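What follows is a single structure, written as structure tokens, with notes after it.
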Amino acid sequence: MNVDVLIAGAGPAGLAAAIELRRLGVSRVLVVDREAEAGGVPRHSAHTGYGLRDLHRVMTGPAYARHYVRAAVRAGAEVRAGTTVTGLSRSPSWPGLPGGPEPAADASGLTGPARPAGATRHAGAPDPAGAPDPAGAPDSADAADVAGAPDLADAVSPANAAASTGPTGPLSATLTGAGGIETVTAAAVLLATGCRERPRAARLVPGGRPPGVMTTGELQQRVYLHGQQLPGRAVVVGAEHVSFSAMLTLAHAGADVVALVTDQPRQQSYAAFALAAAACWRVPVWTSAAVRRIAGRGRLDGIELADLRTGAVSFVGCDTLVFTADWIPDHELARLAGTQIDPGTRGPAVDTALETSIPGVFAAGNLVHAAETADIAAVGGRHAARQIAAALRGTGPPRTARIPVTVAAPLSWISPNAIHAGGPPPARRRFLLRSGTFRRTARLEVRQGGRVLATARARLVPGRPVHLDAGWMDRTDPSAGPVQVTLQ
């Protein structure tokens, strides 16, 4: 099977990228996801607040996921759930290249692969549920039917897509699903595999291994996808945005949430969230406290909690324990493909076009900045799509040497983490940073060699995004070495 762009991950970033690629006239876009249904994490996140920055409306998570899946299908992308990319390498042949197979023509006369059984239909297909989008028709910037796309004569064809990849050649991916193993050849690949929370074992919390210990992702799937009730006392480890989301999910499942527990000196979400938790649900936030041991065998009895200020240890009885935040990018495919991994984000290192160290392989969403909100991931997916379309047509900026962009402690990471001379600005013209410390008024300094390229003021909170304007990019010198962002 031959496509122009293969997207691994059917969450907000991957689906938004697929919609934008089709709007820009890229002919054959295949989106695959290992989950049983497309839509990503919002499918099982029933609270509201989704869609502000990308769709300019407020939606619940499931409605937001349905919107993107339906919009991608209407735009003409092929969306396949229950399919995992298990291999990624350079392909020896490509339709249109000398010696390569000729592409097949479908009923419309356009060249393209035959659609396997069970795959989602292309443009012109009715809505899967036969109903209008829950939030209304897709915005023109979010989706386009083939009739609304640029002239198909200008769309990326297998021949010019292959030529645009240069001497490195197209990419070959191995897909594994219920129907077996399949090889897909693509001119470009977008990795949008997202991130996950670090589980209890990876946090090295000692004690028993009873049922009832889980991450937010598992909690939300149990409650919102499978309708499970969780009566009894519950403790949430963490005090970031997602921690308060876990608290709401537990309340929905009938749990009595005892507290949110964080090892930080104060909670890391918005003050309004903590006030609402205390006022509406009577859930306190216990700061400077850490789980030292989990007690229980056949069932969870509770946790030993240490006060990091005094060293005192107390026992807190609970039936459910939810570990939140402490994000890890789902980078297994990126590592398998051989992309360079950034030591800060722990995802693939990307430039401002969101291209990895492997030409033709791009990455977007929470794979490269774990973890931002779904709408920020979607905006990043659109940005990647524009850069991919330009690369396939050969209209992107010339490929020049990468200039690494790094941070110094107590800053944790920056994304994107490389730039090119003459390259595009990042999505929303902002770099994203994380800090490992609190600072109400911080002064950030962008340096290259002995030169100060820019300064900026920011408020630093661990787990919260810090935005750095990209206006300094034009002042970099390709021969002056890495750029570093420091806290002054």
Side-chain angles (χ1 to χ4, degrees), residues 5 7-24 26 29 31 33 37-77 79 127 132-145 148-149 190-195 241-242 245 270 350 352-354 362-389 415-416 424-432 464-465 467 469-470:
V5 181
I7 299 175
L15 293 172
I19 294 163
E20 184 70 2
L21 285 164
R22 289 292 298 134
R23 187 185 74 81
L24 294 171
V26 176
V29 179
V31 188
D33 196 287
E37 294 182 34
V41 170
R43 289 187 306 117
H44 49 78
S45 184
H47 60 77
T48 190
Y50 286 86
L52 282 172
R53 297 175 184 87
D54 54 340
L55 304 180
H56 309 297
R57 67 192 76 163
V58 179
M59 308 168 73
T60 66
Y64 180 82
R66 288 193 297 270
H67 168 88
Y68 266 110
V69 173
R70 291 169 174 172
V73 173
R74 290 192 186 111
V79 181
D127 184 284
D133 188 277
D139 294 343
S140 60
D142 300 326
D145 291 331
L190 174 62
L191 306 178
T193 48
C195 66
H241 296 334
V242 68
S245 175
Y270 299 121
V350 291
T352 52
L354 296 181
F362 295 74
N366 282 332
L367 175 62
V368 297
H369 48 59
E372 286 295 311
T373 55
D375 51 1
I376 293 298
V379 169
R382 285 185 199 158
H383 178 76
R386 294 176 189 127
Q387 311 312 314
I388 292 169
S415 180
R428 303 172 72 219
R429 299 190 62 85
R430 296 174 177 178
F431 288 82
L432 286 171
R464 293 255 293 271
H467 299 121
D469 186 82

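Only heavy atoms go into these numbers, but all of them, side chains included; no hydrogens, no water, no symmetry mates. Small disclaimer: the values here were computed from a predicted structure and weren't measured.
Side-chain contact check for Ile7 versus Leu21: some heavy-atom pair is nearer than 4.5 Å. The closest side-chain heavy-atom distance from Tyr64 to Pro12 is below 4.5 Å. Within the 4.5 Å cutoff, no side-chain heavy atoms of Asp469 are placed close to those of Phe431. Looking only at side-chain heavy atoms (C-beta outward), His467 and Pro465 come within less than 4.5 Å of each other. His383 places none of its side-chain heavy atoms less than 4.5 Å from the side chain of Val379. Using a 4.5 Å heavy-atom threshold, the side chains of Met59 and Leu55 count as touching.
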| request: Would you sort out whether Arg57 and His67 count as a side-chain contact (heavy atoms from CB on, under 4.5 Å), showing the intermediate values? | output: CA-CA 12 Å; Arg57 67 192 76 163; His67 168 88; 4.1 Å; yes

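Between the side chains of His47 and Thr60, no donor N or O sits under 3.5 Å from an acceptor N or O. Between the side chains of Thr373 and Tyr50, no donor-acceptor pair of N or O atoms lies under 3.5 Å.
Between the Arg22 side chain and the Ala75 main chain, a donor and an acceptor come within less than 3.5 Å of each other. Between the side chain of Ser415 and the main chain of Leu432, no donor-acceptor pair closer than 3.5 Å is present. Checked by atom type and distance alone, the side chain of Arg66 never pairs as donor or acceptor with a backbone atom of Gly39 at under 3.5 Å.
The line from CD1 of Ile388 to CD of Glu20 is 10.5 Å long, rounded to the nearest 0.5 Å. Between atom CG of residue Leu191 and atom CG of residue Leu367 there is a gap of 6.0 Å, rounded to the nearest 0.5 Å. Note that CZ of Arg430 is 7.5 Å distant from CD1 of Ile376, once rounded to the nearest 0.5 Å.
In this structure, Arg43 and Ala65 approach most closely via the heavy-atom pair CG-CB, 3.8 Å. Listed here is the closest heavy atom pair of Ala18 and Val31: CB-CG2, 3.6 Å. The two residues Ala384 and Leu354 come nearest to each other via the heavy atoms CB-CD1, 3.8 Å. Nearest approach of Thr352 to Pro424, heavy atoms of both residues: OG1-O, 2.5 Å. Residues Glu372 and Asn366 come closest through the heavy atom pair N-OD1, 2.7 Å. Closest approach of Ala363 to Val368, counting heavy atoms only: CB-CG1, 3.7 Å.
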